[in-house]
Amino acid sequence: MAMKTEKSAWKGTIILSGKKKQFDVPQKSKVVLLAQDQNITLNLGKDSEALLCVRHQKKNDYERKAVLKENAKLVTVDLFFDTSNEEKKINLLAVLDGEHSEIRKYQALLSRRLNVNCEIEHNSKNTTSLIKAKGLAYGKINYIGKVKVNKSATGTKAEQKAEIILLNPEAECQVLPILEVENDDVDCSHGAAIGEIDQEQIFYLTSRGLKELEARKLILSGFMTPIIEEMAENSWKEEAKNKIDELIEDETCK
Amino acid sequence: MSVQIEINRELFDAADKHRPKYMAKPGINEEIIRLISKNKNEPEWMLQKRLKALKLFQETKIPEWGPDLSSLDLNEIIYFIDPNAQETENWDEVPEEIKKTFDKLGIPEAEKTSLSGVGAQYDSGVVYHNLKKALHDQGVIFENMDVAVQKYPELVQKYFMTSCIPITDHKFIMLHAAVWSGGTFIYVPKNVKVDLPLQAYFRMNAQKGGQFEHTLIILDEGADLHYIEGCSSPRYSKNSLHAGCVELHVLPKAKMRYTSIENWSKNVYNLNTKRAIVHKDARMEWINGNMGSCRTMLYPCSVLVGEGAYSESLGIAFAGKNQDQDTGSKVIHAAPNTTSLIRSKSISKDGGISTYRGLVKVNHSADNCKSKVQCDALILDKKSISKTYPYMKINNSKSEVGHEATISKIRDEQLFYLKSRGLNEEEAVKMIVAGFIEPIVKALPLEYAVELNKLIELEVHGM
């Protein structure tokens, strides 16, 4: 999928506060948006580009909707990081309304109790989507990823991937990647993998002199890196990495 | 694309002018249940089971998920039909009309090729049941379910809709438990290996005839069996319902392969339930083909209850015009070191909907489980729909579960390549489709693969 965007090309960072529920990206503009847990409606105008980074640390439910017009491109990076025992429901919907619109979604699933429903609707010709979700489960993760390709959306390309590593014996995880395709001119795939940390990798690193906990940290943070690296804000990146290390320490010693 | 792919239905869509001996009035009530039970001279416990199931059925709502069942009127269905023929061991005694139907379906040929036994269900009674003497000597029981209730009461009472599929399972199982009739009962004793596949053919014939056959197979420790079930039914204008039930008990170290090709006519609602309980070190293999019926809801399930149990499932579904094929496989890992593999292929065409709806569940106690699911779907035209719903519920951190699915059409490059080698478009499409379903066809025994070619395999016609 040719969806490379140079990060240096991004201009202007806008922080969405809790009050601002709707944001319109004007035609042909490029923006970086930073947000916390909140309901957001995002409208991307023709030829616009946006990078949306969201930190989810609170316990509330919320919804997000993005509508993309012709040629619009949206990259979203979601970092779910709420270690409380509270269950929350998060609905994410993206509609590819204009021809040649593209969306890429990166999600780090690191909350203890998480209910994510992530849906992409392909409504127009030659639209492209990618969902990449990675997570470490130590509580209860319930993840639904849905790609819907409507009759009119010929030439659709859609890829969906969910990978979850179960950190400890209490972890429970439900994954449901859904594909609904209503025309034949498509290229759709999805994959999901759930498992434990690779024991061979741990063996390799411990045989090189690392302690087991260090080895686990190295492997698991390496596993999450591709998602974290998509974040625009450097301070957020560092924070996320530290938090992941802490989490691994806390949850694997149990 | 000026190519048409069709399943040749002419063979089985012709109905015989056959008069059933007894036909109940449409609809279901306690009277009919008592009548069925009396007609079969059943023991009291079976009647009670039926009545209990009827009560549950009347209290339970039709499931709201999955394909649309709104046009299915359960009060229009005839729940019991007894065919004209008496059960017979001799092919010559089978009535001419019934023979003709079987001839069309190739049953005698299948027998000629030395299949070990043919039990063919004609409507609700078994008309022809043949078992080779050698098998009988080995202690293998291959019997009509109705007869088995009388002849082997302990085995049947122990296993019939108890631990595998209880009567409370879902609405259509409740219905099945209330009105079930006919089917197959097989018991393979300890360490007995049945070399040739056992086969039974089910067929619905009377208009609006419901088919509620019950299959119960018990493989004792170390036993080995391949069972083949084929379904075909003539087409009628009114809706028909098939709600069968298959229960398999695969005891430790036993090996079971269950092949089923279901090709109901296009007005049939095929709401079937199949489940296997797989014990320690046992092996279960499902091979499923779903070609016919207007709505199919069928999810063969393996429950791996013993350590080291293995389940494999291969499935193919074809959805043509007005068809909604909602199929998939379920595996429940309830013991450590269990393994499962699911491969599913579907083709949709002429506005057909094919859906993969599967489940992989790993329980808390099931350490070191491995499961792999692979689904591929082919959409042959713009009108058709393909869906995938692979549920994964993992409650154990020492397991590995993977799922992969793709949905695509026949690539222009593939067609171009084959055409540049001298094939016309029709041949090229045919070849690609044949290649797509090959892994499933290859898993069938030779006789059946031939029959499959004759009856079920896709036929490609130029327009």
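Order of the sequence lines fixes the chain letters, A, B, ..., with proteins taken first and strands second; residue numbering starts at 1 for each chain.
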Considering only NZ, NE, NH1 and NH2 on the basic side and carboxylate oxygens on the acidic side, decide whether [X] and [Y] come within less than 4.0 Å.
| X | Y | answer |
| --- | --- | --- |
| R55(A) | E239(A) | yes |
| K88(A) | D61(A) | no |
| R113(A) | D82(A) | no |
| E119(A) | K148(A) | no |
| K241(A) | E229(A) | yes |
| K217(A) | D245(A) | no |
| D78(A) | R64(A) | yes |

Select, from [options], the one with the greatest count of heavy-atom pairs under 4.5 Å involving chain A.
| options | value |
| --- | --- |
| S386(B), S397(B), A377(B) | S397(B) |
| A405(B), C375(B), S371(B) | A405(B) |
| S408(B), S399(B), G402(B), P390(B) | P390(B) |
| T355(B), I379(B), T406(B), I394(B) | I394(B) |
| E404(B), K393(B), Q374(B), E400(B) | K393(B) |

| said: Report which part of N142(A) has an atom under 4.5 Å of a heavy atom belonging to chain B: side chain, backbone, both, or neither. | reply: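 No part of it gets close to chain B.
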| task | Against chain B, label A192(A) side chain, backbone, both or neither, depending on which of its atoms sit under 4.5 Å from a heavy atom there. | result |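 It is both, since atoms from each part get that close.
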| message | At a 4.5 Å cut-off on heavy atoms, which part of S384(B) comes close to chain A: side chain, backbone, both, or neither? | response |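 Just its backbone gets close to chain A.
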| K372(B), part contacting chain A, at a heavy-atom distance under 4.5 Å |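 Interface part for K372(B): neither.
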| field | Selection from I197(A), L166(A), L179(A), N183(A) maximising heavy-atom pairs under 4.5 Å formed with chain B | value |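 Answer, by heavy-atom pair count under 4.5 Å with chain B: L179(A).
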